[in-house]
Amino acid sequence: DCKYHYDIDFIRGGTLFCSKGDLSIASWNIEGLTDSKKIELTRAMQLYDIDILGFQEAHIHTSTIEELEHGFLMISSGIETDCKSFTGVGFIISARVRRSIITFQQKNDRMCMIKLRTAKGKMSIICAYAPPQTPNHSYQERQLFFEDLGNFWHEISCNGPKYIIGDMNSRLYKHIAGEEHIIGPSI
């Protein structure tokens, strides 16, 4: 597990504020985080009115907090390594929601959590990136990831809803009748 200290006052950018109205939450496997990708992500958030974007597969080796243009805040969870890394997860939060952040918790380079104060109480969102089903990642590694994710879920104290967003690297090979409204035509 990663042990990184975050200054919550800096993350929040001021005193704690209760986010009002509905929140728009999205998830995106970004396949590498670059300066131009940060611009692309914040523009997409503005275009689609997204308040919180969880991202996965950032290919990062560090954990960072960065203020982006237009008041967006990026918090990433990576891990120091000399090897090429395809992991790294995090959130980009809009200026409207930033002051409602209660806490950010980094579990490791594949999962992190943000807790928010909303008009309906507290809400927690876990952003996760599972190891893919490839010869480079064993069945045991995937099973351990999902066990860790379950443990992380149960460790989070929240008197409101908890959500998991991200890329679980699961493969669906066919539609089952009645799933058309849930799963799109990309399979």
Side-chain angles (χ1 to χ4, degrees), residues 1-2 4-30 38 40-58 63-77 88-130 145-170 178-184:
D1 290 359
C2 299
Y4 187 84
H5 175 72
Y6 293 94
D7 180 351
I8 194 63
D9 291 327
F10 175 76
I11 289 174
R12 190 180 301 130
T15 58
L16 183 62
F17 179 77
C18 180
S19 179
K20 296 190 182 352
D22 292 335
L23 295 177
S24 176
I25 302 168
S27 178
W28 193 338
N29 180 320
I30 60 173
K38 293 173 193 174
E40 179 184 354
L41 295 170
T42 56
R43 285 187 180 156
M45 290 178 72
Q46 289 175 312
L47 178 66
Y48 296 105
D49 200 24
I50 297 169
D51 295 307
I52 300 166
L53 174 69
F55 61 84
Q56 310 81 42
E57 198 178 342
S63 298
T64 59
I65 302 169
E66 183 179 347
E67 291 182 307
L68 305 175
E69 60 183 32
H70 306 293
F72 288 93
L73 179 75
M74 183 186 75
I75 311 170
S76 63
S77 180
V89 294
F91 294 97
I92 298 178
I93 297 116
S94 71
R96 180 179 89 83
V97 175
R98 181 175 176 180
R99 289 192 43 210
S100 66
I101 298 171
I102 296 170
T103 189
F104 172 78
Q105 185 177 348
Q106 176 184 6
K107 178 72 172 169
N108 53 41
D109 57 332
R110 289 192 177 272
M111 58 187 89
C112 61
M113 180 272 302
I114 192 164
K115 189 182 295 184
L116 306 167
R117 176 172 288 165
T118 70
K120 297 179 182 177
K122 295 178 184 174
M123 176 177 73
S124 296
I125 305 167
I126 295 174
C127 182
Y129 174 55
F145 167 82
F146 287 108
E147 185 178 307
D148 286 347
L149 182 58
N151 291 337
F152 192 35
W153 171 274
H154 291 292
E155 291 168 6
I156 296 170
S157 171
C158 185
N159 66 349
K162 295 190 283 189
Y163 302 97
I164 298 175
I165 62 173
D167 184 349
M168 300 303 131
N169 269 312
S170 297
E179 289 183 338
E180 294 82 11
H181 69 287
I182 301 170
I183 300 173

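Atoms considered below: every heavy atom in the structure, side chains included; atoms not considered: hydrogens, waters and symmetry mates. Residue numbers run from 1 in the order of the sequence given.
Within the 4.5 Å cutoff, no side-chain heavy atoms of M74 are placed close to those of T42. Side-chain contact between M113 and T103 is present, with heavy atoms from C-beta onward closer than 4.5 Å. Using a 4.5 Å heavy-atom cutoff, the side chains of F104 and K115 are not in contact. Using a 4.5 Å cut-off on side-chain heavy atoms (C-beta onward), F146 and M168 make contact. Side-chain contact between W28 and I92 is absent, with no heavy-atom pair separated by less than 4.5 Å. In this structure the side chain of I101 reaches within 4.5 angstrom of the side chain of L116, judged on heavy atoms. Under the 4.5 Å side-chain criterion, counting only non-hydrogen atoms from C-beta, F91 is in contact with I125. Side-chain contact between L68 and L73: absent, with no pair of heavy atoms (C-beta onward) separated by less than 4.5 Å.
Pairing each heavy atom of A44 with each of I50, the nearest pair is O-CD1, 4.3 Å. Residue C112 comes nearest to G90 through the heavy atom pair SG-CA, 3.9 Å, listed as atom of the first residue, atom of the second, then distance. In terms of heavy-atom proximity, I156 sits nearest to S124 at CG2-OG, 3.5 Å. The shortest non-hydrogen separation linking S77 to N108 is OG-O, 2.7 Å. In this structure, R98 and I11 approach most closely via the heavy-atom pair NE-O, 2.6 Å. Here the closest heavy-atom approach between residue D49 and residue S24 is recorded as O-CB, 3.2 Å.
Atoms OH and CG, on Y129 and L149 in that order, are 14.5 Å from each other to the nearest 0.5 Å. Note that OG of S157 is 8.0 Å distant from NZ of K162, once rounded to the nearest 0.5 Å. Note that CD1 of I75 is 4.0 Å distant from CD1 of I93, once rounded to the nearest 0.5 Å. One finds the CE atom of M111 at 4.0 Å from the CZ atom of F145 (value rounded to the nearest 0.5 Å). Rounding to the nearest 0.5 Å gives a distance of 11.0 Å between CD1 of I52 and SG of C127. To the nearest 0.5 Å, the span separating CD on E155 from CD1 on I126 amounts to 9.0 Å.
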* Asked: Can you check side-chain contact (heavy atoms from CB on, under 4.5 Å) on F72 and E67, steps first, answer last?
  -> CA-CA 6 Å; F72 288 93; E67 291 182 307; over 6 Å; no
* Evaluation steps, side-chain contact (heavy atoms from CB on, under 4.5 Å), between V89 and F55 -> CA-CA 6 Å; V89 294; F55 61 84; 5.7 Å; no
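Classification of D51 and R96 as a salt-bridged pair holds, one side-chain N sitting under 4.0 Å from a carboxylate O. The residues E69 and K38 are annotated as not salt-bridged, no charged nitrogen and carboxylate oxygen being separated by less than 4.0 angstrom. Checked for salt-bridge contact, E57 and R110 miss the test: no charged N lies under 4.0 Å from a carboxylate O.
Other residues, nucleotides and ligands place more than 12 heavy atoms under 6.0 Å from the CG atom of N151. Crowding of R117 atom CZ: a count of heavy atoms from other residues, nucleotides or ligands under 6.0 Å not exceeding 12.
N29 and Q56 share no donor-acceptor pair across their side chains, judged by distance under 3.5 Å alone.
No donor-acceptor pair under 3.5 Å is formed between the side chain of T64 and the backbone N or O of E66.
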